[in-house]
Amino acid sequence: MPELPEVETTLRGIEPALLDRKIADIKVRNPALRIPVARSIQHARGRSVVGLRRRAKYLLLDTPPLETGQPEGGLMIHLGMSGSLRITDPATAPRKHDHVELVMDSGACLRFNDPRRFGIFTWWDAPAEDHSLIAHLGPEPLGPDFSGKYLYTRSRNLRVAVKNFIMNSQVVVGVGNIYASEALHLAGIHPSRPAGRISLARYEVLDQVIREVLESAIRQGGTTLRDFTAPDAQPGYFAQDLRVYDRAGKACFKCGGEIRRKVLGQRATYFCVGCQR
DNA sequence: CTTTACGCCTGACGGC
DNA sequence: TGCCGTCAGGCGTAAA
C-alpha cells in the first residue's frame, strides 16, 4: 500500500519520463475511481509537464497553458491504497485495472493501475494549494513546519488517542497506518495515550522518529525505484524493517515484551506492552 | 466543535 | 474444486 515514501519514490520514478515532455494523448479506460475521472483532465492534452510535485500523498503535474485563455492548472494523482504508476511502451497491451494513461510525445506512456479504485486522477485549477483536497492539510512531516513543539501545541486539551492524532491529515500529512504504529514504538509511546497528555520532550522524540522512519523508507524505496518500470515490479520494500506492524503475539525486538494488536479508530494498531507507555 | 461510523472496491484468505 | 464470508486499507463524508 502506498504510504508517503512510496509516493515519493513513485514521483522520482516517473519524473524522467514526464518532465519537459508533451502529453500527446490521455486515455481513460475506466473513469470509476473514488472521484469519477472528469472530462476536464483533457485540459492537459497537448501541454508539456514542466514540473512534478508531491503534497501529502498527492502527485501534482504542472501543465501551463499553451495560449492565453486556457485554464491554468494541472493533473493530480492519488494512489489510494492499491494504485501504482508505471512507465511503459504505449504499444504494449494494458493490464487489468489500467484505468488511465498519459501518452507522451516521446513515445513513452504513463499508466495508472488501481485494482480497488480508491485512487484519484483529476484536474486541478491553479493554484493547486487551493484545491479542496489539499487546502486544509497539515504540514509535511519532512518539512520545516513540523516539529515536536508543533505537535505539543496542537495537541493541548485533546483526548484523542495519539495514534489517531498523528494520522489526522489536518495535523500532519503522510503518516499512514503502518508508520504510525512503527513511529510510536520507536518513541516508546503507547498508541492509546491521549494526545493532550504527552510532554513536549516526548513529542520531540516522536518528531525525530517520524522523520527517521519516513526517510529510511524513502531510501529503501530506491530499490523499488530501480525496478519501477519492470513488468514484475514488487512492492514491500519496507516489510523487513517492521518492528511491530503485523507482529501480534511475537516478541518485541527491543525489550522482548509481547506485541499486541488492538483496533483504534477502525484501524489495526500494533504496540509492545513492555516498552510503550 | 469533536468524535465516530460508514462506504467505496477487489484480492487474499480461511472455512466448508 | 469452488463458493462464500471476512478483512484490509486511504480518506472524504455523514451522522451522532
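Chain letters run A, B, ... following the sequence lines, proteins first and then strands; every chain starts at 1. The analysis underlying the following values was restricted to heavy atoms, covering all of them including side chains, and did not include hydrogens, waters or symmetry mates. Please read all numbers here as calculations on a predicted model, not as lab measurements.
At the heavy-atom level, A/Ala32 lies nowhere under 4.0 Å from the strands shown. No engagement by A/Phe165 is indicated, since no non-hydrogen atom pair under 4.0 Å with the nucleic acid exists. Within the nucleic acid shown, A/Leu133 comes within 4.0 Å of sugar-phosphate atoms alone, with no base atom in reach, counting heavy atoms only. Using a 4.0 Å heavy-atom criterion, one finds that A/Arg117 contacts the sugar-phosphate atoms exclusively.
Between A/Glu3 atom CD and C/dC11 atom C1' the separation is 13 Å, expressed in whole Å. For the pair A/Leu158 CG and B/dC1 P, the computed distance is 14 Å after rounding to whole Å. Straight-line distance from the CZ atom of A/Arg95 to the C1' atom of B/dT10: 17 Å, rounded to whole Å. If you take CD of A/Gln170 and P of C/dC11, they are 13 Å apart, rounded to a whole angstrom.
Contact between the side-chain N/O atoms of A/Arg267 and the OP1/OP2 oxygens of C/dG10 is found at a separation under 4.0 Å. Between C/dG10 and A/Tyr179, no contact under 4.0 Å exists linking OP1 or OP2 to a side-chain N or O. Remark: A/Arg116 is not in phosphate contact with B/dG11, judged by side-chain N or O atoms under 4.0 Å from OP1 or OP2. Proximity of A/Lys96 to the phosphate of B/dT10: no side-chain N or O atom is located under 4.0 Å from OP1 or OP2. Regarding contacts with the backbone of B/dG11, a side-chain N or O of A/His97 is found under 4.0 angstrom from either OP1 or OP2.
Heavy-atom distances to DNA chain C give each of A/Ala268 and A/Leu137 a nearest nucleotide, and the one nearer the 5′ end belongs to A/Ala268. Take the nearest nucleotide of DNA chain B for A/Phe118 and for A/Arg159: the residue whose nucleotide is more 5' is A/Arg159.
In this structure, A/Tyr152 is a member of the same hydrophobic cluster as A/Leu184, with clusters built from ILVMFWY side-chain heavy atoms closer than 4.5 Å. Linking Ile, Leu, Val, Met, Phe, Trp and Tyr whenever their side-chain heavy atoms come within less than 4.5 Å puts A/Trp123 and A/Val49 in one cluster.
You'll find that the side chain of A/Arg261 is closest to C/dA8, out of C/dA8, B/dT10, C/dG12. Minimum atom distance to the side chain of A/Lys57 is reached by C/dC11, of the listed B/dA5, C/dC11, B/dT3.
For A/Glu129 and A/Arg55, the salt-bridge test fails: no basic side-chain N is under 4.0 Å from an acidic carboxylate O. A salt bridge is defined here as a Lys NZ or Arg NE, NH1 or NH2 lying under 4.0 Å from an Asp or Glu carboxylate O, and A/Arg29 with A/Asp98 fails to meet this definition.
Between A/His190 and A/Phe271, the angle of the ring planes lies from 30° to 60°, which puts this pair in the tilted group.
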